[in-house]
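Below is one structure, written out as structure tokens, with a few remarks after it.
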Amino acid sequence: MKLLTLNFLTCAVKTCKSSPAAFPLHPRDATLQVVETELNLAFLKNMLPRLMWDELRVVADEVCGFLLSFPPPCFPCFPFPPTRSDLVVGGEAGAAATAEGEEEVEEVPSQTAQDLHRVLLETTVHEGKLVCGNCGHEYKVMEGVPNFLLPGHLV
Amino acid sequence: MSRPEDILPPDLFYNDSESRKYTTSSRIQRIQNDMTHRALSLLDLHSPSLILDVGCGSGLSGEILSNTEEEGTPGGPHVWIGFDISSSMLGVALEKEVEGDLFLADAGQGVPFRPGTFDAAISISAIQWLCNAETSEDSPLGRLSRFFGGLYASLRRGGRAVCQFYPKNDEQKKMVSQAAIKAGFGAGLLEDDEGTKNAKTYLVLTVGGGDLDGDITGVVRGMDGVDVMARPGAVRGAKRGQEAKGSKVWILKKKEQMERKGKVVKANSKYTGRKRRVQF
């Protein structure tokens with residue numbers, strides 16, 4: 001399961017619906033896996049305003065401790081939420097050029113975009129569990145598939 | 001025709017052998033492929049989006065979502081998150097190494113994502129399973145309302161969802177679409193090959209107006225071969241025999257009825273069916 005998904009996932013238990021602590025779910029005893037995929041700049045731009053940065057950081061920090069396959073510096077520490085122009089090499093100048101209707105330039109993803117892609121779409125939780133900060137319910141993750149089936153009394 | 005919903009609950013029906021059969025059958029693959037493309041054309045996506053696949057099964061529809069624009073997926077490649085209740089189906093999906101994230105979850109228990117997560121949602125041949133409840137403490141209506149309520153919240157404003165399903169009868173069709181409307185969706189039913197054995201029903205749902213002008217029928221505007229049969233909110237003429245009891249029309253009708261039965265009935269005059277004055 002990608003870290004991107006973890007940035008949207010909340011606890012499924014009925015009583016947690018109204019609690020702010022039910023998001024994000026905290027990964028415990030997680031083993032991570034990096035699955036290389038092609039960078040999709042348009043998708044990153046689309047998702048950017050929807051991401052919750054503080055929560056992403058919390059999850060990334062928690063997960064960092066279990067990182068075995070690659071060293072922690074791969075996790076960029078975002079000093080501020082990047083904007084859409086940060087994702088492209090040339091940044092604002094490039095954006096201005098397209099706005100003025102000059103020739104369509106092939107946009108080149110910047111280092112920030114590559115880091116983001118690595119964190120959000122290539123880093124996946126392979127095994128472990130997700131724990132709700134409110135009710136403490138544990139969702140087991142096996143082979144990258146979390147089990148969200150709930151017993152009847154929690155629905 | 002036998003309906004698998006009537007035989008066993010989905011997590012038991014789609015066991016290892018049934019899942020494999022389902023995934024390797026070229027006939028099912030072709031049908032699922034067609035339906036996914038139809039659903040995508042209704043979703044009308046233009047850029048790579050985050051999509052929820054409800055009842056993703058072995059990822060037959062998901063594979064199409066991850067295709068690029070050149071391979072025939074409009075706006076692709078999309079990133080998708082899939083749900084299914086059958087672990088065997090998910091096992092097949094894992095073997096195929098599909099690109100989307102998979103969840104073992106029951107759609108009838110809700111959609112555990114924060115509000116405004118998805119650009120769109122798709123569901124191919126799944127939500128008819130929600131019309132069956134397996135335990136006495138659960139009910140089809142409860143399952144449908146939890147599902148649509150969760151789905152409504154997790155879609156962004158202006159997002160769309162297309163659910164293809166096999167309704168057992170008109171009653172079930174109505175139950176599902178009413179549940180969606182209750183959750184706040186703008187809903188419409190699109191039927192392909194209506195009245196034949198190959199009939200396919202698509203429930204098209206919108207959240208907020210988005211860029212739609214007018215009602216739900218705006219989704220199919222400009223599509224070939226789609227007839228709009230009924231518009232939401234269209235005023236239907238009052239049905240025969242629905243005159244208010246005690247009204248003049250009703251009294252005249254009753255008198256005529258009695259006359260036909262051979263009873264003695266007073267002649268009609270200008271006073272028939274009039275209200276008496278208060279002084280009387």
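Throughout, protein chains are lettered first and strands after them, A, B, ... in sequence-line order, and every chain is numbered starting at 1.
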Side-chain touch [X]/[Y], heavy atoms, less than 4.5 angstrom:
X         : Y         : value
Phe103(B) : Met1(A)   : yes
Leu9(A)   : Arg114(B) : no
Leu104(B) : Pro146(A) : no
Ser49(B)  : Asn46(A)  : yes

Does [atom1] in [X] sit with more than 12 non-hydrogen atoms of other residues, nucleotides or ligands closer than 6.0 Å?
X         : atom1 : result
Glu63(B)  : CD    : yes
Lys182(B) : NZ    : no
Lys174(B) : NZ    : no

Given heavy-atom pairs under 4.5 angstrom as the criterion, report whether the side chain, backbone, both or neither of [X] touches chain A.
X         : answer
Leu102(B) : both
Asp119(B) : both
Glu137(B) : side chain
Thr117(B) : both
Pro115(B) : neither
Ser87(B)  : neither
Phe83(B)  : neither

Using non-hydrogen atoms only, which part of [X] is less than 4.5 Å away from chain B: side chain, backbone, both, or neither?
X         : result
Leu4(A)   : side chain
Leu6(A)   : neither
Met52(A)  : both
Asn147(A) : both

Inset, instruction - Would you check if the side chain of Gln109(B) reaches a backbone N or O of Ala12(A) as a donor-acceptor pair within less than 3.5 Å? - result: no

Inset, instruction - For this output row, return yes or no: ring centroids of Phe8(A) and Phe113(B) closer than 6.0 angstrom. - result: no

Legend entry - The single option from Asp84(B), Asp101(B), Leu94(B) passing side chain to side chain contact (heavy atoms under 4.5 Å, CB included) against Val145(A): Leu94(B)

Legend entry - chain B contacts, top residue of Phe148(A), Tyr139(A), Phe23(A) (heavy-atom pairs, under 4.5 Å): Phe148(A)

